[in-house]
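Quick caveat: nothing in here was measured; it's all calculated off a predicted structure.
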Amino acid sequence: MTKEEFLDSLKNKGVSTDNIHFENSVAEGYYVIKNYHRWEVSFRERGKDYDCLGFPSESDALEYLYEVLLKRLMK
């Protein structure tokens with residue numbers, strides 16, 4: 001899954017992409033960032049990262065976050 005496919009799929013499902021970030025910043029929300037030799041997915045709130053998981057590729061990281069966001073939508 002590419003970044004564009006990820007964002008388009010979420011928008012098609014009615015999920016806001018405003019709180020998804022691909023570069024390190026101080027904003028709260030979900031992050032998909034390359035860190036050395038792996039891709040990391042985390043949630044940042046009040047300046048702290050939570051639930052940080054590493055993946056071997058950007059595609060794997062995006063697929064994981066896609067599933068997480070869809071599960072939250074289903075609740």
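Clustering ILVMFWY residues whenever any of their side-chain heavy atoms sit less than 4.5 angstrom apart, transitively, puts Ile33 in a cluster other than the one holding Leu53.
Exactly one residue among Lys3, Glu4, Glu5 makes a side-chain contact (heavy atoms from CB on, under 4.5 Å) with Met1. That residue is Glu5. A side-chain contact (heavy atoms from CB on, under 4.5 Å) with Ile20 is found for exactly one of Val15, Leu62, Leu10, namely Leu10.
To the nearest 0.5 Å, atoms CG (Asn19) and CG (Leu69) are separated by 7.5 Å.
With contacts defined as side-chain heavy-atom distances shorter than 4.5 Å, the pair Arg46/Glu28 qualifies. You'll find the side chain of Trp39 reaches within 4.5 Å of the side chain of Val32, heavy atoms only.
Listed by first and then second residue, the ring pair (Phe, Tyr, Trp, His ring centres under 6.0 Å) pairs involving residues 5-31 are His21-Tyr31, Tyr30-Phe43 (not counting sequence neighbours). Screening residues 13-23 for salt bridge (charged side-chain N to carboxylate O under 4.0 Å, His left out), with sequence neighbours left out, gives no hits.
Tyr36 pairs by the side chain to side chain contact (heavy atoms under 4.5 Å, CB included) definition with nothing, not counting sequence neighbours. Shown here are the salt bridge (charged side-chain N to carboxylate O under 4.0 Å, His left out) partners of Glu40, two or more places apart in sequence or in another chain: Arg38. For Asp49, the salt bridge (charged side-chain N to carboxylate O under 4.0 Å, His left out) partners at least two apart in sequence or on another chain are Arg44. Partners of Asp60 by side-chain hydrogen bond (donor to acceptor under 3.5 Å, both in side chains), not counting sequence neighbours, listed by chain and number: Ser57. Residues satisfying the side-chain hydrogen bond (donor to acceptor under 3.5 Å, both in side chains) test with Glu63, not counting sequence neighbours, are Ser59.
Counting non-hydrogen atoms of neighbouring residues, nucleotides and ligands closer than 6.0 angstrom, the CG atom of Asn12 exceeds 12 such neighbours.
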